[in-house]
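Taking it in order: structure first as structure tokens, then the write-up.
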2 protein chains.
Amino acid sequence: MPQPPAPRRTLGRPPRISREEMVAAARRIVDAEGVDRLTMRRLATEIGSTPMALYHHVRNKDQLLVLLLDDYAVRTLRRPEVPDEPRERVVAAAAAIHEALADCPWIVEVLTADDLMSASALWFVEQIVDGLVAGGLSPERAVHGYRAIWYYTAGEIMIRATAARRRRTDDGPTYRDQVFAALDPDELPRLSEVAQRWAPLTAEDTYLDGLRALVDGLLAAR
Amino acid sequence: MPQPPAPRRTLGRPPRISREEMVAAARRIVDAEGVDRLTMRRLATEIGSTPMALYHHVRNKDQLLVLLLDDYAVRTLRRPEVPDEPRERVVAAAAAIHEALADCPWIVEVLTADDLMSASALWFVEQIVDGLVAGGLSPERAVHGYRAIWYYTAGEIMIRATAARRRRTDDGPTYRDQVFAALDPDELPRLSEVAQRWAPLTAEDTYLDGLRALVDGLLAAR
DNA sequence: ACCTGAACACCGTTCAAGT
DNA sequence: ACCTGAACACCGTTCAAGT
């Protein structure tokens with residue numbers, strides 16, 4: 001599996017810092033203080049260097065984030081038992097990706113920064129595509145099916161992570177609370193009916209239910 | 001429908017700028033130069049004021065973005081013909097939301113900033129929840145179903161918008177291209193099979209296919 | 001009540017120079 | 001080849017003061 005190309009070593013002054021060291025230090029900062037605190041300047045002081053030295057080892061901050069995600073994926077993605085049944089294989093692979101990423105709220109910034117996560121996640125993509133083909137889809141439709149699953153999974157993680165962050169920095173009722181408190185039951189009867197229960201209902205973790213529905217729908221002959 | 005509370009008018013010096021003026025100016029900046037260029041300072045010069053005057057009318061920049069999204073929703077969301085058939089009603093409402101937001105790539109930053117879009121989008125949420133209930137789901141499961149559709153829709157928009165932005169600021173083959181060029185066919189046979197077609201396949205707009213699959217799966221008795 | 005000026009505490013990145 | 005210092009061109013937000 002290729003890493004993004006590292007700067008070539010030929011002659012001259014030996015490097016004092018390495019990509020690995022940068023990624024490890026970035027991980028420490030993110031784990032201890034959150035993504036927001038990961039800046040090129042903060043990272044430079046963490047490894048006892050200057051901001052500009054970093055740009056000798058990564059193209060820019062975006063690339064650093066991709067490297068960080070890759071590092072995270074390599075360390076935490078555990079390959080699950082893959083059931084023979086196609087539908088269950090797809091669900092198991094998608095759930096494994098979801099589980100790894102959901103524990104990692106800082107991922108959001110990086111998810112939107114690159115559509116495919118990392119080389120080490122490809123095995124999971126393979127399981128999903130293969131399961132969909134085994135379930136009767138053409139390879140083309142299987143790729144589209146994988147994409148739909150990825151949209152659903154990434155969307156769930158991004159929205160939940162932001163909601164959690166919002167809850168941390170809490171100040172009074174949210175805009176949503178205000179809107180739901182003032183619903184017109186004549187115009188919006190269904191929403192009025194569930195208005196009181198909206199917050200707890202949407203806080204429930206129903207990722208797997210939605211995933212199963214999506215996979216069912218993708219595999220259903222139509 | 002309530003707007004977020006505006007500062008109370010009582011006595012004293014009459015205001016020189018209003019929320020409406022701020023939102024209109026913000027819209028001009030975003031349309032002409034992109035979200036990245038929308039800063040409190042830029043907005044202040046746009047309306048011939050100072051950054052700090054703005055903080056008298058909005059709590060912070062996040063609130064300004066929510067107001068901007070609300071303004072966008074009011075102006076662009078068009079209520080579609082709603083079919084009687086529950087399944088088609090859900091699809092039509094979700095597709096309408098998707099269509100409005102997909103034309104608006106700057107939305108990404110705001111989507112992750114608040115899970116429900118705006119008061120003017122509630123009618124569409126009502127249609128989706130109502131359609132799912134008409135299709136046989138309990139109100140609780142219908143809300144969960146709506147959330148699944150929202151995750152899928154928001155994920156699709158965010159990922160596509162970022163991919164488009166990435167394509168604009170193009171410099172050479174992406175990380176993904178490199179990864180796919182070096183696949184091991186023994187370890188990842190399915191992905192190797194479609195490797196050449198991966199980019200065009202994932203560039204295709206298959207939002208509606210995935211949506212229909214998801215709605216089918218949600219409505220299928222299990 | 002509403003607005004201003006100045007400042008705080010930062011950013012990512014470029015450039016020219018050093019070793 | 002690798003690193004440094006200084007600078008560029010910005011940010012969002014707070015504070016104290018003015019009208």
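Every value quoted in this text rests on a predicted model; they were computed, and no experiment measured them. All chains are named by letter (A, B, ...) in the order of the sequence lines, taking the proteins before the strands, and each is independently numbered beginning at 1.
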Nearest-Å distance, CD (B/E33) to P (D/dC10)?
12 Å
Are a donor atom and an acceptor atom from the side chains of B/Y146 and A/T202 found within less than 3.5 Å of each other?
no
Sub-3.5 Å donor-acceptor pair from the side chain of B/E126 to the main-chain atoms of A/L191, do we have one?
yes
Side-chain N or O of A/S49 closer than 4.0 Å to phosphate OP1/OP2 of D/dT4:
yes
If you check every side-chain atom of B/R41, which of C/dA7, C/dT13, C/dA1 has the closest atom?
C/dA7
Whole-Å distance between D/dC11 C1' and B/L38 CG?
12 Å
Please report, rounded to the nearest Å, how far the P atom of D/dC10 is from the CG atom of B/D36.
14 Å
Out of D/dT13, C/dA1, D/dC2, which has the shortest distance to the side chain of B/P51?
D/dT13
Using a strict cut-off of less than 4.0 Å between a Lys/Arg side-chain nitrogen and an Asp/Glu carboxylate oxygen, indicate whether A/E33 and A/R28 qualify as a salt bridge.
no
Just the rounded figure in Å: distance from C1' of D/dC2 to CG of A/L54.
12 Å
Would you compute the distance between atom CD of A/E187 and atom CG of B/L122 and round it to the nearest 0.5 angstrom?
9.0 Å
Within this structure, what is the CD-CG distance for the pair A/E156 and A/L101, rounded to the nearest 0.5 Å?
10.5 Å
For a side-chain contact (heavy atoms from CB on, under 4.5 Å) check, start with the C-alpha distance between B/Y72 and B/L77, then their side-chain angles and the critical distance, and finish with the verdict.
CA-CA 8 Å; B/Y72 181 83; B/L77 274 177; over 6 Å; no
Validation row, ring centre B/F124 to ring centre B/W150 under 6.0 Å:
no
Within the sub-3.5 Å range, which N or O atoms of nucleotides 14-16 of chain D have a protein N or O partner, and how far apart are they?
none

Side-chain N or O of B/T50 closer than 4.0 Å to phosphate OP1/OP2 of C/dC3:
no
Over how many whole Å does the gap from A/I47 atom CD1 to D/dT4 atom C1' extend?
14 Å
What is the distance from atom CG of B/L67 to atom CZ of B/R27, rounded to the nearest 0.5 Å?
12.5 Å
Interatomic distance where NE2 belongs to B/H56 and C1' belongs to D/dT13 [whole Å]:
14 Å
Count the heavy atoms of every other residue, nucleotide or ligand shown that sit under 6.0 Å from CD of B/E140, and state whether that count exceeds 12.
yes
Could you tell me the separation between the CD1 atom of B/I17 and the P atom of C/dA1, rounded to a whole number of Å?
16 Å
Any luck finding a side-chain donor-acceptor pair between A/Y151 and B/T153 under 3.5 Å?
no
Within less than 4.0 Å of OP1 or OP2 of D/dC2, is there a side-chain N or O belonging to A/H57?
no
When you measure from the side-chain N and O atoms of B/T39 to the phosphate of D/dC10, is any distance below 4.0 Å, counting only OP1 and OP2?
no
Applying a 3.5 angstrom cut-off to the pairing atoms, does DNA chain C sit in any stems of at least three consecutive Watson-Crick or G-U pairs? List them by first number.
C:4-8 with D:12-16, C:12-16 with D:4-8
To the nearest angstrom, the CZ-P distance between B/R19 and C/dC3 comes to 14 Å
Suppose you measure atom P in C/dA9 against the same atom in D/dC10; what distance do you get, rounded to whole Å?
22 Å
